[in-house]
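Input: a single structure, listed below in C-alpha coordinates.
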Amino acid sequence: MPSRRKTPTNRPPASDPLYRRIYAEVRRIPRGRVSSYGRVAKRVQGATARIVGYAMAALPPGSTVPWQRVVNHRGEVSPRKHGNGQMRQRLILEREGVTFDLRGRIDIRLYGWPRP
DNA sequence: CCTATGACTGGTC
DNA sequence: TGACCAGCCATAG
(Lines give C-alpha, C1' and ligand atoms only; values in the text may rest on other atoms or scores of the structure.)
Protein backbone atom coordinates (compact mmCIF):
# COMPACT_ATOMS: atom_id res chain seq x y z
CA MET A 1 0.00 0.00 0.00
CA PRO A 2 1.23 3.47 -0.86
CA SER A 3 1.65 5.84 2.03
CA ARG A 4 -1.38 8.05 2.55
CA ARG A 5 -0.79 10.49 5.34
CA LYS A 6 -3.46 12.92 4.18
CA THR A 7 -6.62 11.38 5.53
CA PRO A 8 -5.81 8.87 8.27
CA THR A 9 -8.83 7.09 9.74
CA ASN A 10 -8.01 8.41 13.19
CA ARG A 11 -7.43 11.98 12.23
CA PRO A 12 -6.11 14.21 15.03
CA PRO A 13 -8.08 17.35 15.88
CA ALA A 14 -7.40 20.54 13.95
CA SER A 15 -6.13 22.37 17.01
CA ASP A 16 -3.66 19.63 17.78
CA PRO A 17 -0.92 21.68 19.51
CA LEU A 18 -3.37 22.89 22.14
CA TYR A 19 -4.82 19.44 22.65
CA ARG A 20 -1.37 18.00 23.08
CA ARG A 21 -0.59 20.45 25.86
CA ILE A 22 -3.86 19.54 27.51
CA TYR A 23 -3.00 15.86 27.34
CA ALA A 24 0.41 16.57 28.88
CA GLU A 25 -1.30 18.28 31.79
CA VAL A 26 -3.78 15.45 32.26
CA ARG A 27 -0.89 13.01 32.41
CA ARG A 28 0.33 14.84 35.52
CA ILE A 29 -2.72 13.82 37.53
CA PRO A 30 -1.60 11.02 39.84
CA ARG A 31 -3.34 7.69 40.00
CA GLY A 32 -6.13 7.70 42.56
CA ARG A 33 -6.69 11.46 42.27
CA VAL A 34 -8.92 13.59 40.05
CA SER A 35 -8.91 17.07 38.56
CA SER A 36 -11.59 18.98 36.71
CA TYR A 37 -11.96 20.38 33.20
CA GLY A 38 -11.70 23.90 34.59
CA ARG A 39 -8.70 23.14 36.73
CA VAL A 40 -6.81 21.62 33.83
CA ALA A 41 -7.80 24.58 31.66
CA LYS A 42 -6.32 27.07 34.11
CA ARG A 43 -2.99 25.30 33.85
CA VAL A 44 -2.87 25.29 30.07
CA GLN A 45 -2.53 28.61 28.27
CA GLY A 46 -5.27 29.07 25.71
CA ALA A 47 -7.50 26.32 27.06
CA THR A 48 -10.98 26.65 28.55
CA ALA A 49 -13.04 24.03 30.33
CA ARG A 50 -15.04 23.29 27.20
CA ILE A 51 -11.92 22.86 25.15
CA VAL A 52 -10.55 20.42 27.70
CA GLY A 53 -13.80 18.49 27.42
CA TYR A 54 -13.41 18.39 23.66
CA ALA A 55 -9.83 17.26 23.99
CA MET A 56 -10.93 14.34 26.16
CA ALA A 57 -13.72 13.43 23.75
CA ALA A 58 -11.24 13.47 20.88
CA LEU A 59 -8.96 10.87 22.44
CA PRO A 60 -8.81 7.65 20.49
CA PRO A 61 -9.70 4.44 22.30
CA GLY A 62 -6.65 2.85 23.82
CA SER A 63 -4.99 6.16 24.57
CA THR A 64 -2.52 6.21 27.46
CA VAL A 65 -3.78 9.59 28.61
CA PRO A 66 -5.56 9.12 31.97
CA TRP A 67 -8.74 10.83 30.76
CA GLN A 68 -10.74 9.11 33.50
CA ARG A 69 -9.15 11.41 36.08
CA VAL A 70 -10.89 14.47 34.69
CA VAL A 71 -14.36 15.06 36.10
CA ASN A 72 -16.58 18.13 36.33
CA HIS A 73 -16.31 20.80 39.02
CA ARG A 74 -19.00 19.12 41.08
CA GLY A 75 -16.97 15.97 41.35
CA GLU A 76 -19.23 13.98 39.05
CA VAL A 77 -18.43 11.97 36.00
CA SER A 78 -19.85 14.20 33.30
CA PRO A 79 -22.83 12.72 31.47
CA ARG A 80 -22.14 11.69 27.88
CA LYS A 81 -24.57 12.45 25.11
CA HIS A 82 -23.66 9.32 23.20
CA GLY A 83 -22.74 5.92 24.55
CA ASN A 84 -22.09 5.18 28.21
CA GLY A 85 -18.39 5.57 28.78
CA GLN A 86 -19.66 7.19 31.93
CA MET A 87 -19.96 3.86 33.70
CA ARG A 88 -16.58 2.76 32.38
CA GLN A 89 -14.95 5.91 33.74
CA ARG A 90 -16.40 5.35 37.18
CA LEU A 91 -15.25 1.74 37.26
CA ILE A 92 -11.71 2.67 36.32
CA LEU A 93 -11.58 5.36 38.98
CA GLU A 94 -12.91 3.01 41.62
CA ARG A 95 -10.24 0.53 40.65
CA GLU A 96 -7.71 3.32 41.25
CA GLY A 97 -9.09 3.77 44.74
CA VAL A 98 -11.43 6.72 44.21
CA THR A 99 -14.72 6.38 46.05
CA PHE A 100 -18.10 7.80 45.06
CA ASP A 101 -20.89 8.77 47.41
CA LEU A 102 -24.50 7.66 47.05
CA ARG A 103 -25.17 10.51 44.64
CA GLY A 104 -22.32 9.41 42.40
CA ARG A 105 -19.99 12.17 43.48
CA ILE A 106 -16.34 12.25 44.38
CA ASP A 107 -15.20 14.24 47.43
CA ILE A 108 -12.92 16.79 45.80
CA ARG A 109 -11.42 17.75 49.15
CA LEU A 110 -10.14 14.22 49.41
CA TYR A 111 -9.26 13.26 45.87
CA GLY A 112 -8.90 16.62 44.14
CA TRP A 113 -5.58 17.35 42.49
CA PRO A 114 -3.60 19.45 42.89
CA ARG A 115 -4.14 19.82 46.58
CA PRO A 116 -5.52 23.17 47.79
C1' DC B 1 -21.01 32.22 6.85
C1' DC B 2 -24.54 30.67 10.13
C1' DT B 3 -26.78 27.44 13.39
C1' DA B 4 -26.75 23.72 16.53
C1' DT B 5 -24.50 20.99 19.80
C1' DG B 6 -21.73 19.53 23.65
C1' DA B 7 -16.78 14.86 28.38
C1' DC B 8 -17.91 22.91 31.08
C1' DT B 9 -18.01 26.71 34.69
C1' DG B 10 -19.27 30.23 37.92
C1' DG B 11 -22.82 33.27 39.41
C1' DT B 12 -27.49 34.19 41.05
C1' DC B 13 -31.79 32.95 43.27
C1' DT C 1 -28.79 21.94 47.98
C1' DG C 2 -30.54 22.42 43.73
C1' DA C 3 -32.23 24.80 39.34
C1' DC C 4 -31.40 28.07 35.88
C1' DC C 5 -28.52 30.73 32.94
C1' DA C 6 -25.14 33.59 30.41
C1' DG C 7 -20.72 32.94 28.62
C1' DC C 8 -17.86 29.87 26.53
C1' DC C 9 -15.64 27.95 21.90
C1' DA C 10 -14.30 23.83 18.90
C1' DT C 11 -16.76 20.97 15.44
C1' DA C 12 -20.14 19.38 12.24
C1' DG C 13 -23.42 20.19 8.60
Side-chain angles (χ1 to χ4, degrees):
Chain A
M1 287 288 282
S3 57
R4 305 177 69 257
R5 322 183 81 270
K6 261 311 167 56
T7 314
T9 40
N10 43 358
R11 176 184 67 74
S15 46
D16 205 22
L18 179 55
Y19 279 24
R20 270 180 151 321
R21 280 184 293 128
I22 290 171
Y23 298 148
E25 189 57 40
V26 171
R27 283 183 197 283
R28 297 170 52 78
I29 308 171
R31 182 188 169 81
R33 308 294 295 280
V34 297
S35 191
S36 73
Y37 300 94
R39 277 255 189 127
V40 171
K42 284 199 202 320
R43 292 170 151 255
V44 178
Q45 262 305 321
T48 65
R50 280 191 110 88
I51 293 176
V52 172
Y54 274 110
M56 295 303 102
L59 281 170
S63 164
T64 59
V65 175
W67 54 269
Q68 71 274 15
R69 296 176 193 154
V70 184
V71 297
N72 67 30
H73 69 141
R74 294 158 59 186
E76 310 169 313
V77 167
S78 285
R80 267 48 163 192
K81 198 61 181 184
H82 302 298
N84 53 323
Q86 205 176 355
M87 182 172 61
R88 194 162 54 103
Q89 179 171 7
R90 175 168 176 164
L91 287 175
I92 299 173
L93 285 176
E94 288 179 328
R95 199 176 55 185
E96 294 189 353
V98 176
T99 62
F100 291 72
D101 64 18
L102 294 177
R103 298 212 227 70
R105 289 190 182 166
I106 296 166
D107 189 341
I108 297 300
R109 295 169 304 179
L110 241 53
Y111 301 103
W113 186 90
R115 286 283 208 185

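Per chain, numbering begins at 1; letters A, B, ... match sequence-line order. Worth saying up front: this structure is predicted, and the values here are computed from it rather than measured.
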Is it the case that the side chain of Arg69(A) and the backbone of Arg28(A) share a donor-acceptor pair, with hydrogens and angles ignored and the cut-off at 3.5 Å?
no
Roughly how many Å apart are dA7(B) and dG7(C), using the P atom of each and rounding to a whole number?
22 Å
Whole angstrom value for the distance that separates [atom2] of [N] from [atom1] of [X]:
| X | N | atom1 | atom2 | value |
| --- | --- | --- | --- | --- |
| Gln86(A) | dC8(B) | CD | C1' | 15 Å |
| His73(A) | dG2(C) | NE2 | C1' | 12 Å |
| Glu76(A) | dT9(B) | CD | P | 10 Å |
| Met56(A) | dT11(C) | CE | P | 13 Å |
| Gln45(A) | dC9(C) | CD | P | 13 Å |
| Ile29(A) | dA7(B) | CD1 | C1' | 13 Å |
| Arg103(A) | dA3(C) | CZ | P | 11 Å |
| Arg39(A) | dG10(B) | CZ | C1' | 14 Å |

Shortest non-hydrogen contact between Pro114(A) and Arg43(A), atoms and distance:
CG-NH2, 3.2 Å
Where is the tightest heavy-atom contact between Trp113(A) and Ser35(A), given as atom of each residue plus distance?
O-OG, 3.1 Å
Side-chain heavy atoms of Leu93(A) within contact of Tyr111(A), under 4.5 Å
no
Report which part of the nucleic acid Arg88(A) touches: base, sugar-phosphate, or nothing (heavy-atom distance under 4.0 Å, all strands).
nothing
Of all the nucleotides listed (dA10(C), dG2(C), dA7(B)), which has the minimum atom distance to the side chain of Ala57(A)?
dA7(B)
From the list dG2(C), dA7(B), dA10(C), which nucleotide is the closest neighbour of the side chain of Lys81(A)?
dA7(B)
Can you find a side chain N or O atom of [X] that sits less than 4.0 Å from OP1 or OP2 on [N]?
| X | N | answer |
| --- | --- | --- |
| Ser36(A) | dC8(B) | no |
| Tyr19(A) | dT11(C) | yes |
| Thr48(A) | dC8(C) | no |

Is a donor-acceptor pair below 3.5 Å formed from side chain Arg50(A) to base dA10(C), judging by atom type as modelled?
no
Taking atom types as modelled and ignoring hydrogens, do the side chains of Arg80(A) and Gln89(A) form a donor-acceptor contact shorter than 3.5 angstrom?
yes
